[in-house]
2 protein chains.
Amino acid sequence: MLTKKGLKEFCADARENYLPHISIDCVVFGFHEGIMKVLVLKVQNEDEWYLPGGFMLKNEPIEKAANRILKERTTLDKIFLQQFHVFGDPERSKEHFDMYKDMLPAKENWFANRFLTIGYYALVDFFETSPNPDQFAESCQWRGLDDLPDFKLDHALILKTALDTLRLQLNYQPIGYNLMPKEFTMPELQKLYEAILDKKLDRRNFQRRMLGFGILTRSDEPRKGGAHKAPYLYSFDLENYEAALREGFKGGW
Amino acid sequence: MLTKKGLKEFCADARENYLPHISIDCVVFGFHEGIMKVLVLKVQNEDEWYLPGGFMLKNEPIEKAANRILKERTTLDKIFLQQFHVFGDPERSKEHFDMYKDMLPAKENWFANRFLTIGYYALVDFFETSPNPDQFAESCQWRGLDDLPDFKLDHALILKTALDTLRLQLNYQPIGYNLMPKEFTMPELQKLYEAILDKKLDRRNFQRRMLGFGILTRSDEPRKGGAHKAPYLYSFDLENYEAALREGFKGGW
DNA sequence: GCAAAAGTGTTGAGCATACACCCATGT
DNA sequence: ACATGGGTGTATGCTCAACACTTTTGC
């Protein structure tokens with residue numbers, strides 16, 4: 001939560017630069033140790049949790065705004081981003097309104113407005129990401145899907161909707177290029193799918209199916225060093241991958 | 001196009017009642033004589049075409065606004081509506097801006113604003129719909145997908161995106177309850193699918209597949225009067241239909 | 001040599017496709 | 001009777017799920 005002075009400064013700045021009534025909230029998915037993780041923000045000195053979000057510059061394309069916001073939170077550029085829904089319940093930002101309503105008169109108070117928020121989800125490489133808190137937050141951190149905090153506002157709904165969309169997407173689009181390192185083994189990729197879908201898949205059928213999509217390249221060198229039989233390393237064939245992204249494929253899990 | 005007086009009145013009213021920077025545009029699909037039709041508006045005395053759209057009251061949920069707008073255009077209530085995308089290119093409403101920029105100073109000119117538009121598509125019963133023009137339009141009429149006008153703004157993109165979404169939806173959701181009359185024959189339903197997908201389907205396989213979804217009820221009375229063998233009449237089993245809407249089914253066309 | 005991880009193969013069920021055939025009705 | 005639209009049946013092939021077998025590696 002901001003101090004009165006901080007709020008006043010923020011509002012003056014926001015009114016000048018941002019489109020009113022509109023925000024962007026992002027669900028940033030990463031994959032680490034077999035668990036799907038989401039970037040969450042914790043407010044200073046409070047047990048309050050949010051998804052990373054922000055506002056749109058007056059003359060900025062939506063997707064650019066989402067990219068800019070995420071770059072600030074993750075240091076990542078060129079993130080895979082997908083708009084998935086607009087949340088516009090008139091009461092959805094009431095908590096924010098109540099929190100700040102006594103500090104500034106409504107006319108200059110940015111948070112006295114109703115906000116529609118455009119939901120984006122992002123898929124990022126966990127290891128390339130350096131979470132950065134924003135001016136409202138004390139920390140920005142990864143949380144597993146099995147260990148989510150209680151979100152403020154409608155951010156739990158936003159997260160759930162993003163996850164549902166992602167699961168649906170899995171049925172007709174390749175996923176993984178943005179979530180995996182450059183090279184990976186088939187079992188590692190399978191763990192990603194299992195984490196997203198929250199269910200076990202058959203090792204052998206997964207392999208056949210995945211290879212059938214024709215979006216993977218097997219490198220000559222298997223991964224060494226581990227115990228047991230050395231698995232092959234794969235990477236995505238970007239050309240085919242992107243063709244599949246555009247055209248989609250059939251069938252589901 | 002509005003007169004200066006009309007514009008001034010509209011803008012004063014809009015500024016008081018509507019959320020700035022945000023509009024809603026709707027792609028209304030109907031089905032008639034084997035062709036998918038879309039509701040389009042024609043501007044008075046100009047060869048300019050738009051999709052039906054409008055603005056959101058300051059305290060109105062998005063979906064309510066879309067419903068209200070469509071009720072005005074179609075006289076229909078309780079329309080099947082699906083939000084599908086937000087279009088937010090900063091230049092997208094430039095045509096509107098240019099058209100009205102000399103009539104009113106930017107400060108009072110509603111159309112001097114940048115607008116994000118939330119795209120909804122609607123599925124309606126062609127025969128229940130009575131198209132009504134709005135204050136900007138001279139006519140509101142159905143046009144077949146094969147006979148679309150050149151749209152202004154980005155409305156061609158909005159329509160295409162809606163159609164793509166609808167086709168995707170066909171893969172995992174039942175469609176038809178909102179587009180067909182209460183009772184219909186299997187060949188009639190097939191024509192709907194063919195019109196949406198723009199390709200021929202096998203009569204017999206379509207029937208088996210459709211019945212396999214378990215969302216149809218066959219009535220005892222076949223349709224009489226026509227030449228040839230009397231086809232059975234079907235209606236949707238609303239309970240199963242809605243369950244299928246929620247849970248989706250697998251496989252595509 | 002054994003356990004565990006990973007690669008490859010096989011089989012059977014179910015579903016989609018492409019047909020063939022039968023029934024009803026108006027001309 | 002026959003053309004046409006419509007309902008039902010069947011053979012083929014493909015895909016997916018389930019499961020068996022083999023290979024590699026560290027202990």
Side-chain angles (χ1 to χ4, degrees), chain A residues 33-34 167 170-174 176 180-181 183-195 197-235 244 247-253, chain B residues 33-34 167 170-172 174 176 180-181 183-195 197 199-235 244 247-253:
Chain A
E33 291 181 345
R167 283 177 180 158
L170 225 50
N171 286 329
Y172 52 90
Q173 284 196 340
M180 302 294 287
E183 296 207 300
F184 48 88
T185 67
M186 197 59 85
E188 284 165 359
L189 184 60
Q190 181 180 340
K191 286 204 181 66
L192 169 64
Y193 274 73
E194 291 179 340
L197 294 167
D198 194 27
K199 71 175 175 191
K200 286 273 165 222
L201 300 172
D202 184 279
R203 190 170 60 87
R204 298 148 281 192
N205 296 330
F206 178 83
Q207 176 131 345
R208 207 192 347 265
R209 177 120 173 233
M210 214 62 211
L211 289 175
F213 292 151
I215 56 172
L216 291 177
T217 315
R218 186 159 98 177
S219 49
D220 305 326
E221 293 298 307
R223 167 160 297 169
K224 297 166 184 170
H228 320 300
K229 176 165 182 171
Y232 290 107
L233 283 172
Y234 292 88
S235 55
E247 290 151 38
F249 30 67
K250 296 219 172 171
W253 303 90
Chain B
E33 292 181 344
R167 283 177 180 158
L170 224 51
N171 286 328
Y172 52 90
M180 301 294 288
E183 296 206 300
F184 48 89
T185 68
M186 197 59 85
E188 284 165 0
L189 184 61
Q190 182 179 338
K191 286 205 181 67
L192 170 64
Y193 273 73
E194 291 180 339
L197 294 167
K199 71 173 176 189
K200 288 270 165 226
L201 300 172
D202 184 279
R203 191 168 61 87
R204 297 146 282 192
N205 297 330
F206 178 83
Q207 176 132 344
R208 210 195 342 268
R209 176 117 173 237
M210 213 61 210
L211 290 175
F213 291 151
I215 56 172
L216 290 176
T217 315
R218 186 159 98 177
S219 51
D220 304 327
E221 294 298 309
R223 166 159 300 167
K224 294 167 186 171
H228 322 298
K229 175 164 182 173
Y232 290 107
L233 284 172
Y234 291 89
S235 56
E247 291 151 37
F249 32 65
K250 296 220 172 169
W253 305 89

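Quick note on labels: first sequence line is chain A, next is B, and so on, each numbered from 1. Bear in mind the structure is a predicted one, so any value in this text is a computation, not a measurement.
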The criterion is ring pair (Phe, Tyr, Trp, His ring centres under 6.0 Å); which residues satisfy it with Tyr234(A), sequence neighbours excluded? none
Rounded to whole angstroms, how far apart are CE on Met210(A) and P on dG7(C)? 14 Å
Excluding sequence neighbours, so at least two apart, what forms side chain to side chain donor-acceptor pair (under 3.5 Å) with Arg204(B)? Asp202(B)
Can you list the residues that meet the side chain to side chain donor-acceptor pair (under 3.5 Å) rule with Gln207(B), with sequence neighbours excluded? none
Could you work out, with side chain to side chain donor-acceptor pair (under 3.5 Å) as the rule, every residue matching Arg208(B), not counting sequence neighbours? Asn205(B)
Rounded to whole Å, CD of Gln190(A) lies from C1' of dG7(C) at a distance of 13 Å
Set of residues satisfying salt bridge (charged side-chain N to carboxylate O under 4.0 Å, His left out) with respect to Glu183(B), sequence neighbours excluded: none
Nucleotide dT8(C), atom P - distance to CZ of Phe206(A) in whole Å: 15 Å
Measure the distance from NZ on Lys200(A) to P on dA17(D) and round it to the nearest whole Å. 16 Å
Distance col, row Phe206(B):CZ vs Gln190(B):CD, nearest 0.5 angstrom, shows 5.5 Å
Sequence-aligned protein contact record of nucleotides 2-10 of chain D, with B where the base is within under 4.0 Å of a protein heavy atom and S where only the sugar-phosphate is: --BBBBBBB
